[in-house]
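Read through the structure below, which is laid out as structure tokens, and then see the notes.
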Amino acid sequence: MRVDGPRAPWEGRRVVLGVTGGIAAYKVVQVARDLTRLGAAVDVVMTRAAREFVRPLSFEGVTGRAVYTDPFAADGAAVHIRLGREADVVCVAPATADVLARAADGRSDDLLATTLLATRAPVLLCPAMNDRMWAHPAVQDNARRCEALGYTLVGPDQGALAVGEADGPGRLVEPGEIVARVGRALGAAGPLAGRRVLVTAGPTREAVDPVRYLGNRSSGRMGYALAEAAWLAGADVTLVSGPSSLPAPVGVTTHRVETAREMLEAVREPVTRADVVIYAAAVADFRPSDPADAKMKRRELDGPPTVPLTANPDISVESRPLRKEGAVAVGFALETHDLLDHARAKLEEKGFDLLVANDAGDPEAGFEVETNRVTLLEPRAEPTALPVLTKERVADRIVGRAAELLRGREHT
Ligand code: C5P
């Protein structure tokens, strides 16, 4: 997920981040920073042992908020009640063997433990410890008891530990994964919670020879923003992307492909399960019919080469019969002239439920820019023209409308 930029999807949401005394505590400063940059108000609660590893100042610096350490602080003895009540999610990272034991027992011997008792928000515990400690039956028993109390365990992963190579799990899951899981907990009440969404994105590349290709100027930004918006709305998201320099959005299952035919193959299975399918890829309409096996050399050519082309499959058309009944299909149309007429024709021909029309000549819209100005079309309805917005905000509107269409279908 892009943490920079104008989007702050978790504005107004409250996260309590409990930090306990493990070496991995330093990684959680990154978690606090990313959650804050996504708009969340992050209240960090540190145990005494955690403060031996990282100073509260590090967390205060990235969250812009005071760190809580003392249950008997001057701002009121009931701080744990307030923190617990205001939290939309509580995440403990790293969670040591000790905090797992105290949480499983329902102890209230420090601020974090009492906050766990006082909250009714979802609780994520991210264990991190030596692999032999994690494997101990007492720790395993405590972990199971925490789950029985309704807490969700995130990890641990297997991998390098502070001391030696691990034979088994014990390592804290990566900070990005923790941010994703917190986001998933915040999105649990979103309009697409429990739904599956498939998004195609980016350009395709069609080989001319082993070095050259036919492609287009799509950056993938709109499709990636859509995948992220659907994930933030609570959906399980699969993104099938052509070549793009963008990082895979956190939380989203991403398959990278190169050609139109590979994209179609990657879509075949997820499209059968998706409730919403968004075809945002700028798929090359044609590919070289017979790409050369070796690089074409100018001096071996007799004048300019001709490159015969063959039509590529249309992914939206080919996958239409595979879509689940009642699925909502969203398409895009980028046109240089007569935008709405062409877009309306595409909506009907390709059987989309929602079509997003872009004017290719608009400097604030289309390829390689961060903003977009689109018009939304639906069968039997007047077009809705949206103002110039960032691609993230456009994505929120499209996903919001798709979620409404899906809900509407279920109520008829
Ligand atoms: O290229 P065209 O304007 O016809 O694209 C309209 C819609 O069809 C877009 O949503 C695009 O992602 C989809 N499409 C596709 N496979 C193609 C061409 C277009 O899925 N080969």
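For the single chain, residues carry numbers from 1 onward in sequence order. As the structure lists them, so they are numbered: ligands from 1, and atoms in each ligand from 1. From a predicted model like this one, the values you see are computed outputs, not experimental measurements.
- Given atom 2 (P) of ligand 1, the protein heavy atom at minimum distance is K346 NZ, 3.5 Å.
- The minimum heavy-atom distance between A201 and G223, with the atom names listed, is CB-CA, 3.7 Å.
- Remark: minimum distance from atom 1 (O) of ligand 1 to any protein heavy atom is reached at D285 OD1, 4.1 Å.
- Ligand 1 has no atom lying under 4.0 Å from any heavy atom of T200.
- When side chains are defined from C-beta on, V208 does not count as touching P291, because their heavy atoms never get closer than 4.5 Å.
- Here A281 has backbone heavy atoms under 4.0 Å from ligand 1, and that is the only part of it that gets that close.
- Put simply, the side chain of S289 gets close to the backbone of P308: a donor and an acceptor are under 3.5 Å apart.
- For ligand 1, the atoms lying closer than 4.0 Å to a non-hydrogen atom of V283 are 15 (C), 16 (N), 17 (C), 18 (C), 21 (N).
- In this structure, E206 and N312 have side chains that are in contact, with non-hydrogen atoms separated by less than 4.5 Å.
- Protein heavy atom at the shortest distance from atom 4 (O) of ligand 1 is K350 NZ, 3.0 Å.
- The shortest contact between atom 6 (C) of ligand 1 and any protein heavy atom is with F332 O, 2.9 Å.
- No donor-acceptor contact under 3.5 angstrom links the side chains of T96 and D98, judged on distance only.
- Protein heavy atom nearest atom 18 (C) of ligand 1, with residue, atom name and distance: D314 OD2, 3.6 Å.
- Under a 4.0 Å heavy-atom criterion, P313 is in contact with ligand 1.
- In this structure, H337 and H342 have perpendicular ring planes: the angle between them is above 60°, well past the 30° mark.
- The atoms of ligand 1 that sit less than 4.0 Å from any heavy atom of Y279 are 9 (C), 10 (O), 11 (C), 12 (O).
- Close contacts between ligand 1 and G331 involve ligand atoms 10 (O) [criterion: under 4.0 Å to a heavy atom].
- Using modelled atom types and a 3.5 Å distance limit, the side chains of Y279 and S319 yield a donor-acceptor pair.
- In this structure, the protein non-hydrogen atom closest to atom 20 (O) of ligand 1 is S316 N, 2.9 Å.
- Of all heavy-atom pairs between L355 and A333, the closest is CD2-CB, 3.7 Å.
- When every heavy atom of P127 is checked against every heavy atom of L153, the shortest pair comes out as CG-CD2, 4.3 Å.
- Protein heavy atom closest to atom 16 (N) of ligand 1, with residue, atom name and distance, is I315 N, 2.8 Å.
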